[in-house]
Structures are given as structure tokens and as C-alpha cells.
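All heavy atoms count here, side chains included; hydrogens, waters and symmetry mates do not.
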Amino acid sequence: MAAGVISDASAAFLLSLVHDIVLGDLAAGMFKKDCTDLVRRIALFTHLLEEIRDFAASDHPHASSSSSSSSSSSSSSWSADLAVALQAAKRLLSAASAHHSVNSSDGAAKRISFQFQCVTWKLEKSLAKIPFDQFQISEEVQEQVALVRAQLRRATERYGSLNSRKVSNAISQLPEKERSDTNHEISAKLDSIPESCTTLGHAADKEPKILERVNSSSIPSEVCLSNEVDSKGQENLAAKGAEQTKKPDTLVIPVDFLCPISLELMRDPVIVATGQTYERSYIQRWIDCGNVTCPKTQQKLENLTLTPNYVLRSVINQWCAKHNIEQPSGLANGRLKKSNGSFCDVSGDMAAIQELVSKLSSRCLEERRAAVAEIRSLSKRSTDNRILIADTGAIPVLVNLLTTDDASIQEHAVTSILNLSIFENNKSLIMLAGAVPSIVQVLRAGSMEARENAAATLFSLSLADENKIIIGSSGAIPALVDLLQNGSNRGKKDAATALFNLCIYQGNKGRAVRAGIITALLKMLTDSRNCMVDEALTILSILASNHDAKAAIVKASTIPVLIDLLRTCLPRNKENAAAILLCLCKRDAENLACISRLGAAIPLTELTKSGTERAKRKATSLLEHLRKLQQL
């Protein structure tokens, strides 16, 4: 069996986790429905894992060594993530079953409710990473998984709406002694590879134009979601949970290195106004939900400034290096590991790149210009160069050059960062270098080419879910909307791609609406050249489910334009127009009556006959709503 394909033993382990959860005792108190729903959804994993197990046990040509190098990291990533999520679900179900209070406002109940949101989110994300084609999953099971993912997404949103302004004690309030005595063990992965999102198209540097999805290996690790106690007697439950998950080779993470919200090892720790430290993406999400208190102390935050905790980050990095749990780049002792497992000597290339990087800080302007131009050229050529350039410490230096007054240096620097971000491991290095504010500044005030590549860089970085949150809170969205309205043709397309990807995160949809994106999109829809109708409709389709966006779309008189597009545009655009109209008209009699007056029934009927399969479903649903309206 090739390394790239999951073993039948791993699949059997995942199946055993599912069976343990399904056969376990359920809560009888206030979390009975939550537990029942979660178990029912996890039970639907069974057929999927059985097919993966059967595939792994057979001798398929897909499992040959020729494909192992390209699929090893993705296989280990999804299976490790799913194991983490299932173990977290198992512990959460135990904690919820042991909770006997009927008061939904007590701290323990709020904490458990918050953790249901975390677990459903983790389960949905782990399912999204499974490479169905690799395991020849049947269409029936794929449809079942799609249904489960949709249910988990809705559950995550529901918990989010319940918790966003109410969960003030969702984080552990254990005494410090109890917290320090709690073992946090790891057995799956520390840093997962960001999911490849469905996008409008890759808007990377025009050299290369298409983003390269580079697989990177990751080190197994997992932090227990919750071994917390919320009442007398639950200490035993926590101890039992730790004992069940403990393995001979587990490593205990120091409690001070764990984010109090996620209970995971921090990579970008920041300090809030109360002096507490959190992982940046998690505390930003907390703030985005409208919370103005410190999750751990419950004190009101005097300001929402997040200050990097450089000292703690350095200590964590040293600890990770000591225990060999950093994500490897494949570079060691001047030798680079190739995709076929062999090594090549790159010491000469490293020396040349190190000399170039040193010139980036030269006092001579022309020398700096020449060095950054050469870095840009090298970074576009190959993955090996991207690894070597990052390994020599070029990223922080390039980030510093983003704020230079020299337009040429700034343009080369932002394009170099774009090219480096194509290699997956470099994304986190760029984020940790604090690049986003400087990239946003380039996006606002740089040359047109620099602005284009700044937008493309933000798109590339936002492929990681946690980065969507950080980029959205940085002020990038108004700058992207401005580029969408006033940029070059390429700049508009790069801005559209970045905005689409950022708006996958719910908290960014409101930011986009407030930045005036609806007006910009409507202008694109009515442009006689029709050059960006596809992009505008795709962004509107993801915004239309948001309450503020829906109101803004209607207020901008977009409905008549959408109905016209049902009659005249290409099949894919008709599909998106119908999907947006359905979002606007569901449970909204006023909008439904509006499309009825505008004669939408005729193009919708035509769409049910000649549209794409998705368009037919949307049109049929809209016509059914119209018939019900007429019967009232």
C-alpha cells in the first residue's frame, strides 16, 4: 500500500470512533436534542468510511507508488482532521451527558453550547478535505456526505447565532491549579493544509498566472477539545477521557501555549486589553460576533486592539523546534527533498539566495532594486526556489519593503510575496511576519500593478480559513471594493476573486456590504460590455444569504436586473441569477410579489426546460413559491 493512500487500519480506526459515538449514551437533559442531532449526523459517516476501508484493503492501481508523492499529505491531513473532530465530538457528548443543570445561562451550559459550534465546524471542514476521487466513492455516498456537510454548516451557523452575543462564559473558568493539572495530549495534526476553495478563478501573479496547489506534509498532533469540569464529579469524566485518548508517544503541550478559546497550540498569539493572550484568528472571530468582553476574565475590553505577543510566540517556536513538530519544508543540511523522495544538493543555490537577501537591506537604492527584482524572478520559477527564499529569511525583509516610497521596489516586493505564497507552508510565514496591513496599504496607494498583485496576494493567503478572518478585519475589504470599482480590468478581476473568497466567512459579508460592494456589483451587471457579469453574479450568490446583503440588494433595485439576466445571459449566469432570486424571495412575500409583477414566471418556466440541472431546481422552487402566493 502506497504512503499516499490511507491504510485499512486507519479507516477501521475512524469507523470504530463512529461506532463508539453512535452506540454511546446520550444526554437526557437540556442538551438532549443537540446530542441526538450530532450523533445522527455522525452515524451517516459509516457508509463513507466503509467504502474507504474497502478501497484501502483492495489492490487498486490508484494506490501505486506513482501517485504516492502527490497524495500522501492530503490523505494524512484529512484522516487526521477527521480523527480529531470525531474524538472531540466523543468527548463533548460525554460532557453534555454529564451536565445536569437546567439553567441555560450558567457558565458550563454556555461553554458546552460554544463547543457544539466548534465540533460541528471541525466535522464539516474535515469532510470537505476528503479526496473522493482517490477512493472511488460512489455517487450515492457522495450525495449523502454533501447532505451531512450542509446540515453541519447550518448547525454551525445556528450555534453561532445563539452564541455570538450570549456566550460570555464559554471558555473554561477552571482555577489555575486545575487547568495546569489537565493533560492536553496530541495525536493528530497541528497545522492542517488549508482547503482548496471553489473560487471564481485563480488570481495569482501573472507570472505564474495559475496558483499552484503544493501539497505539504504535516506532523500529527491533536489537542483535546475539552477535558474541562463544570460540576462536582466531572473530574473523573475528564480523567477518563484523557486516559482513553492517551498513547505511548503522546506529547503534553504546556497549558500556557494553548489558546483559551480553541484549546489548540497558538501560532500567532495576541494580547487583548485585559492582558490575556489568545490565538489571533479565534479572538478576532469572537470580536466579529459582537462580543466586547474578554472570554476568559469576562471583563469589558476597553479597546479592541490586538497586540502581538512576540515573546510567547518565540517561546512556542523554540518548544516546537525542540520537539520536532514544526511543519517541515523538506530542506535539511543544504539538501532539498524532491517529490519522488530523493534529495538534491541546493547549498550553492542557498548561498546565492542568501547573498541576494542580504542586499535587500543595502543602503544603495539601486542594489536594493536589483536584488528585489531578482527575488521576484526567482520566486516565480519553481517551488524549490520558493522554499529556499523563505528558508533564508527573506519574507520579513520583503514585508518591510512594502512600505518603501520607491514604487519599483514596492511593486517587486508585493509580487515576490505573492509568488512565495503559492507554496502552502509559506502562507503561515507571511501571516506571522505581519504582512497583511502592509499589503492592504499597497492595495490602497500603490501603482496599479502593485495593487493588482496585492489583491491577488490577499486571495492566495485567504485560502486558509483562519486568514479570511484576519484579512477581513484588517481593512482590506473597502480597499478591494475600491479596486473593483476603479481598477484596471485585471485589477477588477483580482479584486472580485479575493472578495468572493473572503466573503465565504460570514463575518466578512457585512463588511463588504458596508464597503459598498452591492453598488459596485450592480454596476458590473448593467455594464453594456458584459465583461464581468459572471463574477458579479457569483459574488452576489454568496452574499444573498446574509440579512444585510439581502436588504441592500433589494434596495439597490437589483431584482429587475436579475430577471432581465434570466432572459438574456449565458446558462451559468442564468443559474446564478435564479439562485440569487430564490434567496431573496424565500420567506419574503414582498419580493416574491415583485418578481411576479415583473413577469419572472416566463423566463423561469423556460429555465426549467433548458437550464443547467441546478438552474432547473432553483427555477422550479421559485415557480412553486409563486403558485403558493397566487393561491393566497
Side-chain angles (χ1 to χ4, degrees), residues 124 143 146-158 161 198-200 496 499-500 503-506 508-510 512-513 517-519 521-522 524-526 532-632:
E124 195 276 326
E143 289 175 0
L147 174 64
V148 174
R149 284 189 62 200
Q151 292 175 344
L152 290 168
R153 279 196 298 270
R154 287 195 294 269
T156 302
E157 291 171 3
R158 181 174 65 85
S161 65
T198 302
T199 63
L200 297 175
L499 285 165
F500 171 83
C503 288
I504 292 172
Y505 171 53
Q506 192 71 20
N508 287 337
K509 294 179 182 179
V513 172
I517 193 172
I518 303 301
T519 302
L521 295 175
L522 181 59
M524 291 159 63
L525 290 178
T526 55
M532 289 191 66
V533 171
D534 189 17
E535 288 87 347
L537 286 171
T538 307
I539 297 172
L540 278 174
S541 68
I542 200 172
L543 289 173
S545 60
N546 176 269
H547 180 269
D548 292 340
K550 179 179 175 179
I553 291 169
V554 174
K555 186 177 180 180
S557 301
T558 312
I559 289 179
V561 177
L562 293 171
I563 294 174
D564 283 341
L565 292 172
L566 286 179
R567 300 186 179 101
T568 60
C569 62
L570 298 172
R572 172 177 165 76
N573 293 337
K574 289 181 180 180
E575 174 187 308
N576 277 329
I580 297 163
L581 286 170
L582 183 58
C583 279
L584 298 179
C585 294
K586 266 186 177 179
R587 294 180 290 277
D588 195 314
E590 187 175 341
N591 288 345
L592 200 58
C594 177
I595 71 167
S596 178
R597 289 194 304 272
L598 293 169
I602 296 174
L604 286 172
T605 302
E606 181 62 30
L607 203 56
T608 61
K609 300 173 184 176
S610 60
T612 64
E613 288 303 313
R614 179 170 177 258
K616 289 177 181 178
R617 291 196 304 272
K618 301 298 182 183
T620 300
S621 181
L622 266 170
L623 288 170
E624 183 61 30
H625 284 297
L626 285 172
R627 278 193 289 270
K628 289 179 180 178
L629 180 69
Q630 292 169 358
Q631 291 170 1
L632 294 177

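- The two residues Leu525 and Ala536 have their closest heavy-atom pair at CD2-CB, 3.7 Å.
- Counting heavy atoms from C-beta on, the side chains of Asn576 and Leu540 never come closer than 4.5 Å.
- Listed here is the closest heavy atom pair of Ala496 and Glu535: CB-CB, 4.1 Å.
- Partner Val533 forms a side chain to side chain contact (heavy atoms under 4.5 Å, CB included) with one of Thr526, Leu570, Thr568, Asn573 and no other, that one being Asn573.
- With respect to Asp548 and Lys509, no salt bridge is recorded, no charged nitrogen being found less than 4.0 Å from a carboxylate O.
- For the atom pair SG (Cys583) and CG (Asn591), the distance works out to 11.5 Å, reported to the nearest 0.5 Å.
- Within a 6.0 Å sphere centred on NZ of Lys586, other residues, nucleotides and ligands contribute 12 heavy atoms or fewer.
- Considering Gln151, Arg154, Arg149 in turn, Arg149 is the only one that fulfils the side chain to side chain donor-acceptor pair (under 3.5 Å) rule with Glu124.
- Note on Glu624 versus Arg627: salt bridge recorded, some NZ/NE/NH1/NH2 to OD/OE distance being below 4.0 Å.
- Side-chain atoms of Ser621 do not come within 3.5 Å of backbone N or O of Arg617 as any donor-acceptor pair.
- From Ser557, atom OG reaches atom CG of Leu522 across 8.0 Å, with rounding to the nearest 0.5 Å.
- Between the OG atom of Ser610 and the NZ atom of Lys616 there is a distance of 8.0 Å, given to the nearest 0.5 Å.
- Using modelled atom types, no side-chain atom of Thr558 and backbone atom of Val554 make a donor-acceptor pair closer than 3.5 Å.
- For the atom pair CE (Met532) and OG1 (Thr538), the distance works out to 10.0 Å, reported to the nearest 0.5 Å.
- To the nearest 0.5 Å, atom CG of residue Leu581 and atom CG of residue Leu622 are 6.0 Å apart.
- Cys594 approaches Ile559 most closely through the heavy-atom pair SG-CG2, 4.1 Å.
- Although no hydrogens or angles enter the test, the distance criterion places a donor-acceptor pair under 3.5 Å between the side chain of Thr608 and the main chain of Thr605.
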- Given side-chain contact (heavy atoms from CB on, under 4.5 Å), test Glu606 with Ile602 step by step and report yes or no. CA-CA 6 Å; Glu606 181 62 30; Ile602 296 174; 5.9 Å; no
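- Here the CE atom belonging to Met524 is positioned 9.5 Å from the CG atom belonging to Asp534, to the nearest 0.5 angstrom.
- Taking each heavy atom of Arg614 and Ala579 in turn, the nearest pair found is NH2-CB, 3.4 Å.
- Proximity of Gln506 to Asn546: side-chain heavy atoms (C-beta onward) are separated by under 4.5 Å at one or more points.
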